[in-house]
Amino acid sequence: MDELGDLVDVNALAVALISVGGALGGTLGGALLSQRAGRAQAAEQNQRADREREEERAEQARQAKRDLYAHLNTAARAYRVAARDAVEAAGRGEGIDPILLDAAKEAWAEQYSQAQMALARDVLHIVSALNRSLGVGYSAVKQLPSSPRLDEAHQRARAWFSGPLSDGVYLLRVVLRHDLGVEVDPDFEETAMQMLAALNSARDSFAHALAAERSQAG
């Protein structure tokens with residue numbers, strides 16, 4: 001009977017150990033699964049946070065680009081208008097106040113300097129052409145008082161600011177809006193190159209006329 005009792009006790013102990021082992025195994029297995037799930041959740045949260053930070057940086061870059069383009073467009077328009085107004089004032093026999101024109105020139109120069117560091121090459125190509133065109137217009141205004149044929153000089157300057165240079169400022173706006181994706185035109189590149197060629201040709205002719213006038217005045 002003692003041997004039978006001992007055998008029963010051993011079996012009971014074995015069953016108990018198996019039960020405890022199963023419980024521990026289940027607990028450990030559950031803990032491992034929980035840890036894995038936690039790590040997967042943490043990894044997903046980190047990836048989501050990375051995506052959100054990347055989207056935020058991209059949006060900040062887009063906003064900075066929009067701001068730069070808006071300021072560049074505004075400065076170009078203000079510069080052209082200030083120069084045109086100076087020509088009109090001179091045509092009325094009024095003195096040219098250099099303060100407004102020079103302030104507009106400096107504002108454009110500041111925006112153009114920033115644009116040179118940020119614009120794509122094709123956009124910068126057009127902006128640089130407009131910068132040269134604005135500069136020729138500025139020279140024309142400064143040259144007006146010493147022109148030997150004042151009426152002719154006024155007419156030439158008016159034609160420049162109301163024609164080719166006005167078209168050049170319009171081209172800038174269209175190019176910037178296209179680059180931002182605001183305007184979509186399948187023929188944009190061809191049209192832009194035609195307008196740019198017209199601007200460059202008109203500027204060269206205008207600059208040549210100014211140079212000839214300076215040589216006559218000298």
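All values below come from the heavy atoms of this structure, side chains included, with hydrogens, waters and symmetry mates left out. Since the model is a prediction, treat every value here as computed from it, not as a measurement.
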Can you see which heavy atom on [X] is nearest to which on [Y], and at what distance?
X    : Y    : value
H154 : A90  : CE1-O, 3.4 Å
F161 : G137 : CZ-O, 3.4 Å
L144 : A153 : CD2-CB, 3.7 Å
A104 : A78  : CB-O, 4.0 Å

State, with a plain yes or no, whether a side-chain heavy atom of [X] is found less than 4.5 Å away from one of [Y].
X    : Y    : answer
Y79  : N131 : no
M193 : E190 : no
R77  : L172 : no
D167 : L199 : no
L68  : Q111 : yes

Closer than 3.5 angstrom, by distance alone: can the side chain of [X] be matched with the main-chain N or O of [Y] as a donor-acceptor pair?
X    : Y    : value
S201 : A198 : no
H71  : D67  : yes
S146 : Q143 : yes
S133 : A129 : yes
R173 : N73  : no

Chi angles and distances behind the side-chain hydrogen bond (donor to acceptor under 3.5 Å, both in side chains) call for R158, Q155:
CA-CA 5 Å; R158 288 191 191 101; Q155 292 176 3; over 6 Å; no
Is it true that atom CD of E94 has more than 12 heavy atoms of other residues, nucleotides or ligands lying nearer than 6.0 Å?
yes
Would you say that more than 12 heavy atoms from the other residues, nucleotides or ligands in this model lie under 6.0 Å from the CD of E189, or not?
no
Taking it one step at a time, do L130 and I126 satisfy side-chain contact (heavy atoms from CB on, under 4.5 Å)?
CA-CA 6 Å; L130 179 61; I126 292 175; 5.7 Å; no
Enter the distance from [X]:[atom1] to [Y]:[atom2] here, rounded to the nearest 0.5 Å.
X    : Y    : atom1 : atom2 : result
R66  : L176 : CZ    : CG    : 13.5 Å
R156 : R149 : CZ    : CZ    : 7.5 Å
F188 : H178 : CZ    : NE2   : 4.5 Å
R132 : N200 : CZ    : CG    : 6.0 Å

I'd like to know if [Y] and [X] are part of one continuous hydrophobic network [Ile/Leu/Val/Met/Phe/Trp/Tyr, side-chain heavy atoms within less than 4.5 Å].
X    : Y    : answer
L150 : V87  : no
L72  : V81  : no
V141 : L100 : no

In plain terms, say whether E88 and R84 are close enough for a salt bridge, that is, a side-chain N and a carboxylate O under 4.0 Å apart.
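No, no charged N to carboxylate O under 4.0 Å.
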Assess the residue pair Y69 and D179 against the criterion (side-chain contact (heavy atoms from CB on, under 4.5 Å)); give the C-alpha distance rounded to whole Å, side-chain angles, the decisive distance to 0.1 Å, and a yes or no.
CA-CA 10 Å; Y69 282 12; D179 191 58; 2.6 Å; yes
Assess the residue pair L210 and V136 against the criterion (side-chain contact (heavy atoms from CB on, under 4.5 Å)); give the C-alpha distance rounded to whole Å, side-chain angles, the decisive distance to 0.1 Å, and a yes or no.
CA-CA 9 Å; L210 291 176; V136 170; 3.9 Å; yes
Check the orientation of W160 and F206. Use parallel for under 30°, tilted for 30 to 60°, and perpendicular for over 60°.
parallel
